[in-house]
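All values below come from the heavy atoms of this structure, side chains included, with hydrogens, waters and symmetry mates left out.
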Amino acid sequence: TEITRVPIRGLATSEFIAMEPTEVTPVGGTLHWLEDPAATNYTVSLYQGDTRAGNLIISGYVEGSSYDKAIEIYNGTGAAVDLSNYSLKKQSQGFGDYETSFKLSGTLQNKQTCMLVHSGSTNTELRNKADFMTDSVLNFNGNDPVALFRSGVLVDVVGKLNGGADYFWGLDKILKRNPAITHPNSNFDLTEWTEYLYTQLDKIGTHTMNLSTSN
């Protein structure tokens with residue numbers, strides 16, 4: 001007697017995208033990917049050690065006084081990356097849907113960083129590091145997770161998704177990804193980061209990733 005409408009979300013992409021593995025052990029794991037309808041088979045290459053990053057990562061985060069806010073992205077994949085496939089999205093107050101987003105553009109070379117700085121910042125040192133100036137996605141206050149997406153798929157995040165408004169994991173500080181972290185993580189782990197005072201802007205703008213030389 002009544003009509004019930006059920007909201008459905010879908011994801012479509014023309015790219016082959018590898019997802020995070022599950023059931024990972026020192027000798028194995030279960031692989032997941034978005035299937036390419038044009039593919040008739042897949043080839044899996046295994047290697048020992050981290051010779052290159054699995055994707056772009058969020059390598060730095062700044063939440064300082066007033067509008068001194070920034071996000072740093074690093075490319076350790078071994079090749080230049082087309083940034084037009086990527087976007088940043090922010091969850092407000094650590095809860096609900098992503099309310100704001102920013103689509104990246106251009107090319108990020110291997111072993112280089114890309115800096116997004118809040119357009120309202122008056123800090124000359126921070127503004128001089130900027131590759132992009134924006135506001136909406138950088139309007140965070142220490143409890144707003146910011147996630148990196150590739151073709152609509154979440155690949156990395158700084159901040160606890162759905163952690164709630166009372167969890168101020170990133171207030172008045174700089175967070176830098178540890179050099180040993182070579183792959184993105186869709187589940188925020190604070191042990192992957194080193195904390196600095198928000199005034200230590202020399203810590204942001206460049207990044208080091210410790211990659212293995214063994215194949």
Item to complete: Would you confirm whether R127, through its side chain, and T122, through its main-chain N or O, come within 3.5 Å as a donor-acceptor pair?
Response: no
Discussion item. Testing the basics here: between T22 and H32, what is the closest heavy-atom pair and its distance to 0.1 Å?
Written reply: OG1-NE2, 2.8 Å
Discussion item. With clusters defined by side-chain heavy atoms of hydrophobic residues (ILVMFWY) lying less than 4.5 Å apart, directly or transitively, does F95 cluster with F168?
Written reply: no
Practice prompt. Take F102 and V146 through the test side chain to side chain contact (heavy atoms under 4.5 Å, CB included) and record every step on the way to the result.
Written response: CA-CA 11 Å; F102 181 82; V146 179; over 6 Å; no
Worksheet item: In terms of hydrophobic clusters joined by side-chain contacts under 4.5 Å, are W193 and Y74 together?
Response: no
Fill in: pair L116-I73: side-chain heavy atoms closer than 4.5 Å
yes
Practice prompt. Give a yes or no on whether the backbone of L148 and the side-chain of K89 come within a donor-acceptor separation of less than 3.5 Å.
Written response: no
Worksheet item: According to a 4.5 Å side-chain heavy-atom criterion applied to Ile, Leu, Val, Met, Phe, Trp and Tyr, with indirect links allowed, do V158 and L190 form part of one hydrophobic cluster?
Response: yes
Discussion item. Between M209 and I57, is there a side-chain heavy-atom distance shorter than 4.5 Å?
Written reply: yes
Worksheet item: Below 4.5 Å, heavy atoms only, C-beta onward: do I204 and Y198 meet side chain to side chain?
Response: no
Fill in: Pairwise side-chain contact, K90 with F140, heavy-atom cut-off 4.5 Å (strictly under)
yes
Discussion item. Determine whether a donor-acceptor pair (N or O, by modelled atom type, separation under 3.5 Å) exists between the side chain of S59 and the backbone of H207.
Written reply: no
Worksheet item: How close do G78 and N110 get, heavy atom to heavy atom, and via which atoms?
Response: N-OD1, 2.8 Å
Discussion item. Applying side chain to side chain contact (heavy atoms under 4.5 Å, CB included) to I71 and I58, what does each step give before you reach the verdict?
Written reply: CA-CA 7 Å; I71 292 289; I58 298 174; 4.1 Å; yes
Item to complete: Would you mind listing every side chain to side chain donor-acceptor pair (under 3.5 Å) that reaches into residues 148-170, with sequence neighbours excluded?
Response: E15-R150, E15-S151, Q91-N162, D156-R177
Item to complete: Report the C-alpha distance between F149 and Y86 in whole Å, list the side-chain angles of each, state the deciding distance to 0.1 Å, and finish with yes or no for side chain to side chain contact (heavy atoms under 4.5 Å, CB included).
Response: CA-CA 5 Å; F149 285 76; Y86 292 83; over 6 Å; no
Worksheet item: Does T30 reach the side chain of P21, with side-chain heavy atoms less than 4.5 Å apart?
Response: no
Response to the item:
Scanning both residues in full, the closest heavy-atom pair of L34 with V153 reads CD1-CG2, 3.8 Å
Discussion item. Check for me, please, whether V157 and L88 land in the same ILVMFWY cluster - side-chain distances under 4.5 Å, paths through other members count.
Written reply: yes
Practice prompt. Would you indicate whether the side-chain heavy atoms of E192 and I181 approach each other to under 4.5 Å?
Written response: yes
Discussion item. Please say yes or no: joined through hydrophobic side-chain contacts below 4.5 Å, possibly via intermediate residues, are L83 and V155 part of one cluster?
Written reply: yes
Worksheet entry | Short side-chain to backbone donor-acceptor contact, Y61 and G170, under 3.5 Å | yes
Worksheet item: For the atom pair CD (E195) and CG (D172), what is the distance rounded to the nearest 0.5 Å?
Response: 10.0 Å
Worksheet item: Is the backbone of N141 close enough, under 3.5 Å, to the side chain of D144 for a donor and an acceptor to pair up by distance?
Response: yes
Item to complete: State the CZ-NZ distance between R52 and K111, to the nearest 0.5 angstrom.
Response: 13.0 Å
Worksheet item: How many angstroms lie between OG in S92 and CD in E99, if you round to the nearest 0.5 Å?
Response: 4.5 Å
Discussion item. Can you tell me how far apart CG (D135) and NZ (K69) are? Round to the nearest 0.5 Å.
Written reply: 12.0 Å
Worksheet item: Looking only at atom types and distance, does a side-chain atom of Q200 sit under 3.5 Å from a main-chain N or O of L197, one as donor and one as acceptor?
Response: yes
Worksheet item: Going by heavy atoms in the side chains, are T134 and H118 under 4.5 Å from each other?
Response: no
Worksheet, complete the sentence: For P145 and G94, the nearest pair of non-hydrogen atoms, with its separation, is CD-CA, 3.8 Å
Discussion item. Could you check whether any side-chain N or O of D82 sits under 3.5 Å from a backbone N or O of S84, counting only pairs where one atom can act as donor and the other as acceptor?
Written reply: yes
Worksheet item: Do other residues, nucleotides or ligands put more than 12 heavy atoms under 6.0 Å from K173 NZ?
Response: yes
Item to complete: Of all the heavy-atom pairs spanning V137 and T100, show the shortest one and how long it is.
Response: CA-OG1, 3.7 Å
Worksheet item: Any donor-acceptor pair under 3.5 Å linking the side chain of D189 with the backbone of T191?
Response: yes
Worksheet item: Are any non-hydrogen side-chain atoms of L154 and L161 less than 4.5 angstrom apart?
Response: yes
Worksheet item: How many angstroms lie between atom NZ of K176 and atom CG of N178, to the nearest 0.5 angstrom?
Response: 10.0 Å
Worksheet item: Closest approach of G164 and N143, non-hydrogen atoms and distance?
Response: O-CB, 4.3 Å
Practice prompt. Look only at the side chain of N75 and the backbone of Q109, and say whether a donor-acceptor pair between them is shorter than 3.5 Å.
Written response: yes
Worksheet entry | Test item: E72 side-chain N/O and G205 main-chain N/O as donor-acceptor pair under 3.5 Å | yes
Discussion item. The criterion is ring-ring contact (aromatic ring centres under 6.0 Å, His included); which residues satisfy it with Y196, sequence neighbours excluded?
Written reply: none
Practice prompt. With sequence neighbours left out, write down each residue that passes salt bridge (Lys or Arg N to Asp or Glu O under 4.0 Å) with K129, or none if nothing qualifies.
Written response: none
Discussion item. Apply side chain to side chain contact (heavy atoms under 4.5 Å, CB included) to residues L56 and L108 and explain how you reach the verdict.
Written reply: CA-CA 10 Å; L56 300 185; L108 183 59; 4.2 Å; yes
Worksheet item: In this structure, which one of N128, L126, D68 forms a side-chain contact (heavy atoms from CB on, under 4.5 Å) with L201?
Response: L126
